[in-house]
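The basis for the numbers below is simple: all heavy atoms, side chains too, and nothing from hydrogens, waters or symmetry mates.
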Amino acid sequence: MEEVKAIPINFEKVQVEAKFRWFVFIIAFTLVMAFSVFSGWAALLRHEILGTGYLPRGIVPLFLLVVLFNSIVKMTFPKFALRRKELIFVFAILTSIAAIPGQEFGIHFYLNLLGLVYYSSPKSQWFNLITPHLPSWLVPSLQFRDPAILWAYEGMPAGAKPPLSEWLIPLIFWTPYLFSIYALIVCLCGLVARQWEEHERLLYPLTQIPIELAGDERQILPKVFSSLFFWLGFFIAAIPISMRGLHLYFPQVPDPLLQRSFAQLFGLPAGTPLFASGPMSAFNGLQAHLYPEMIGIAYLLSTEVSFSLWFFLLLRHMEVAIRIALGVDMYHSEFLAFQSIASYTVMALAILWVSRRYLLAIVSDSVQCCLNCFSKKSSSMPPEGWAFFGSILVFAGLICWAKVIAGVSAFWAAAMLFGLLVTSLVVARVVSEAGIYIYSAPFRVNQVLFDIFGKDRIGARNVVLMTAMSWVQIRSTATMASGYIVNAFRLTNLAGLLRSSSAFWMLAAILLCLLVCHLTIPTVIYTYSVSKLSWWAQNSSLNTTNLIAQYLTTTRPLTVHHWLGLFIGALTCWMLIKIRLTFIGFPLHPLGFVAWYGWPIDRYWFSILIGWATKLAILKYGGFKTFHRFRPLAYGLIVGGTTTLTFWILLRLFYQTAASIIVD
């Protein structure tokens with residue numbers, strides 16, 4: 001992050017908005033509905049998450065098909081062919097909803113609502129522990145023998161129909177909250193979009209793929225398709241993934257072991273530790289997964305960002321090794337997690353500080369515009385005025401919903417939502433600047449509050465209902481909507497849309513996706529029953545119930561390890577930011593420290609290292625021209641990796657195998 005020079009903010013400049021033809025919106029929203037249905041079904045039935053990744057793995061091949069079909073239309077009916085900007089708009093809209101049917105919302109919300117009642121039956125050890133705190137209007141039923149609950153777990157009788165009517169009242173109450181959470185994130189991303197795109201000029205590495213695939217209106221096919229390097233990268237990515245897929249169906253085909261441990265990299269059997277004991281045992285958990293798409297993304301990043309991402313992961317393991325050498329053999333994960341909590345707080349404050357002039361100008365002009373309206377003076381609202389007032393109104397509306405509908409303390413609801421804003425802002429920054437394919441905060445905001453303040457201060461009812469409220473975005477440890485939304489804002493801006501118009505269409509797509517999920521996912525649950533769903537879905541609601549019960553029945557006070565973690569995390573992040581703002585060219589980027597903990601970076605660091613080393617070698621021996629010449633190779637790795645993986649995932653949905661292509 002760099003301190004940018006003060007740039008005059010001219011809110012009077014009028015942007016001419018691009019006009020899209022009516023059928024573009026029909027195409028975009030038809031694809032939204034189709035993807036929502038299929039993605040939700042795949043996630044529940046096989047735990048194949050088609051929307052995962054901030055360059056969604058299932059959206060890239062879908063967009064590729066749209067581009068290829070559009071090329072045919074260009075040759076036959078050119079009048080109806082989608083223009084470059086319209087193609088980018090379609091991709092942006094699909095990106096904004098990609099993760100909702102899967103890991104962000106769909107596979108959590110419905111199962112967990114059912115599980116809170118089912119696992120509170122008289123046969124359960126948690127009988128009468130959770131259900132007394134649940135309002136009847138927020139769950140399909142409070143009776144575990146009610147068909148709406150029982151049939152989901154034990155199957156429907158022959159000839160019975162899914163009891164979807166029992167969901168009507170709960171979803172009427174929940175939908176305004178769910179939609180408002182996404183609206184709050186859209187407003188947050190809309191506030192910072194201009195600052196990041198035009199003033200700080202962040203890279204937005206993941207948006208380069210749809211821009212390249214959208215091509216040029218003067219050409220039938222995208223220019224990148226004519227590059228031999230693109231197809232070389234495509235097949236370099238496709239071959240090992242296809243070998244893995246073939247191995248699952250034909251075991252005689254060698255398994256390339258795309259997800260191997262570091263010990264396996266040195267020829268040791270799976271599960272064998274590199275070091276039997278001692279400080280170096282901290283490195284036993286290192287993974288050496290190979291993701292072609294992340295290698296390509298790392299090649300597109302700035303060298304200091306890609307270097308910092310893998311360097312700080314190794315530094316994290318070294319920190320644990322030092323703790324072991326000092327005789328500390330417990331609380332390692334809590335120590336690291338609390339460092340991340342502190343670093344997130346410091347990074348969010350730093351982002352706001354760097355943007356202070358820009359944000360103050362928005363606030364000042366927006367308030368002045370409102371005052372002038374009361375005094376009947378003419379004035380224009382700044383372009384981000386909608387995001388400023390929208391954030392305030394939506395935040396207030398969410399507090400009212402929590403207090404009036406759910407019966408949650410307004411104070412604790414506000415604290416949790418404020419934590420959501422902090423994590424969403426930092427995750428959006430990581431995605432915009434560092435381009436990590438999958439990333440989220442390595443902690444859950446509601447659980448951080450529970451850990452710090454405890455059940456006695458927060459209250460049992462608040463613990464139960466805040467957990468339920470967290471099933472959209474707040475508890476996500478895979479991806480978060482802010483990462484998708486900032487990329488979508490970037491793309492729609494390049495397509496010529498005003499950000500206020502972009503926000504409207506994204507929110508319309510999100511609402512449509514939520515409504516489709518309301519119909520699709522309960523239907524899938526009742527049709528198959530939980531016992532026949534994926535391994536993840538079978539255990540999800542039980543694990544959630546056990547987690548809530550743990551917070552309600554046990555107390556675990558913070559130790560010196562937690563407080564020391566907070567101090568070291570805050571100090572380290574502040575020092576990295578300060579040094580980077582002071583010394584131009586400092587090789588360590590603070591985002592590397594912020595993103596150093598969690599399962600996504602554990603899996604991706606090795607691929608990032610390969611991409612960084614490749615880029616460094618090319619720049620050193622070939623110069624910038626050679627680096628630019630090899631960019632299509634990186635694009636090919638990304639498109640080839642996502643497209644080939646999606647093909648094998650789709651095949652596995654209909655012809656099941658014992659193992660997954662890759663484990664998400």
Side-chain angles (χ1 to χ4, degrees), residues 103 281-287 308-309 311-324 326 328-349 415-416 418-427 429-430 434 436 438-455 458 463 466-467 470 473-480 543-544 546-548 550-551 554-576 590-605:
Q103 76 270 27
S281 63
F283 290 89
N284 285 340
L286 275 179
Q287 300 173 11
S308 299
L309 288 173
F311 171 81
F312 277 107
L313 176 128
L314 295 180
L315 185 65
R316 185 191 92 201
H317 285 272
M318 181 59 69
E319 185 177 273
V320 174
I322 293 172
R323 284 169 56 86
I324 295 173
L326 295 174
V328 181
D329 58 357
M330 58 190 305
Y331 293 111
H332 297 313
S333 59
E334 291 92 338
F335 180 66
L336 296 170
F338 272 67
Q339 286 188 64
S340 295
I341 293 167
S343 69
Y344 262 67
T345 305
V346 173
M347 178 56 68
L349 291 173
M416 186 170 69
F418 181 76
L420 171 64
L421 290 175
V422 170
T423 53
S424 295
L425 182 64
V426 176
V427 168
R429 183 71 182 211
V430 170
I436 300 181
I438 297 176
Y439 178 71
S440 184
F443 53 85
R444 298 173 179 177
V445 173
N446 59 308
Q447 291 177 219
V448 171
L449 294 174
F450 302 161
D451 289 335
I452 293 177
F453 297 101
K455 182 259 295 185
I458 296 176
V463 168
M466 286 169 66
T467 303
S470 76
Q473 286 300 299
I474 297 169
R475 56 86 47 222
S476 180
T477 53
T479 58
M480 296 187 72
N543 292 338
T544 299
N546 288 337
L547 180 66
I548 295 175
Q550 176 186 330
Y551 279 112
T554 61
T555 301
R556 188 181 181 188
L558 298 185
T559 67
V560 65
H561 301 274
H562 298 90
W563 295 113
L564 186 60
L566 287 174
F567 175 76
I568 292 177
L571 180 63
T572 304
C573 190
W574 176 82
M575 288 179 62
L576 288 168
L591 287 180
F593 176 67
V594 170
W596 75 332
Y597 185 53
W599 68 265
I601 194 64
D602 285 343
R603 294 183 182 182
Y604 285 116
W605 79 273

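With values rounded to the nearest 0.5 angstrom, Leu286 atom CG is found 8.0 Å from Asp602 atom CG. Annotation: the span from Phe593 atom CZ to Leu315 atom CG amounts to 8.5 Å, rounded to 0.5 Å. The CZ atom of Phe312 sits 11.0 Å away from atom CD of Glu319, with the distance rounded to the nearest 0.5 Å. One distance of note links OG1 of Thr423 with CE of Met347; it measures 14.0 Å at 0.5 Å rounding. The CG atom of Leu449 lies 14.0 Å from the CZ atom of Arg444; values are rounded to the nearest 0.5 Å. Atoms CG and CG, from Leu425 and Leu420 in turn, are 11.0 Å apart once rounded to the nearest 0.5 Å.
Counting all heavy atoms, side chain and backbone alike, Ser424 lies closest to Met480 at OG-CE, 3.6 Å. The nearest pair of heavy atoms linking Met416 to Val445 is O-CG1, 3.6 Å. When every heavy atom of His317 is checked against every heavy atom of Phe283, the shortest pair comes out as CB-CE2, 3.5 Å. Annotation for Trp596 and Ser340: closest pair NE1-OG, 3.7 Å, computed over non-hydrogen atoms. Scanning all heavy atoms of the two residues, the minimum distance from Arg429 to Leu591 falls at O-CD1, 4.0 Å. Ser440 and Thr479 make their closest contact through CB-N, 3.9 Å (heavy atoms, listed as atom of the first residue, atom of the second, distance).
Under the rule for a salt bridge (Lys or Arg N to Asp or Glu O under 4.0 Å), Arg323 has no partner lying at least two apart in sequence or in another chain. Residues meeting the side chain to side chain donor-acceptor pair (under 3.5 Å) test with Asn284, sequence neighbours left out: none. Applying the side chain to side chain contact (heavy atoms under 4.5 Å, CB included) test to Leu558 and every residue at least two apart in sequence or in another chain returns Phe338, Ile452, His562, Trp563. Val422 meets the side chain to side chain contact (heavy atoms under 4.5 Å, CB included) test with Ala348, Phe418; sequence neighbours excluded. In terms of the salt bridge (Lys or Arg N to Asp or Glu O under 4.0 Å) criterion, Asp451 has no residue partners (sequence neighbours excluded).
Side-chain contact between Tyr597 and Arg316: present, with at least one pair of heavy atoms (C-beta onward) separated by less than 4.5 Å. Using a 4.5 Å heavy-atom cutoff, the side chains of Thr467 and Gln447 are not in contact. Side-chain atoms of Thr554 and Lys455, non-hydrogen and from C-beta on, never get closer than 4.5 Å to each other. Residues Tyr439 and Ile601 are not in side-chain contact: their nearest non-hydrogen atoms beyond the backbone lie 4.5 Å or more apart.
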After noting the C-alpha distance and the side-chain angles of Val463 and Phe450, does the key distance pass the side chain to side chain contact (heavy atoms under 4.5 Å, CB included) rule? CA-CA 7 Å; Val463 168; Phe450 302 161; 4.0 Å; yes
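Classified by interplanar angle (parallel below 30°, tilted 30° to 60°, perpendicular above 60°), the ring pair His561/Tyr331 is parallel.
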Pair up each side-chain donor or acceptor in residues 564-575 with any protein partner under 3.5 Å, not counting sequence neighbours, and list the distances.
unit_1, atom_1, unit_2, atom_2, d
Thr572, OG1, Ile568, O, 2.7

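For an aromatic pair to be called close, the ring centres must be under 6.0 Å apart, and Phe443 with Tyr344 satisfies this.
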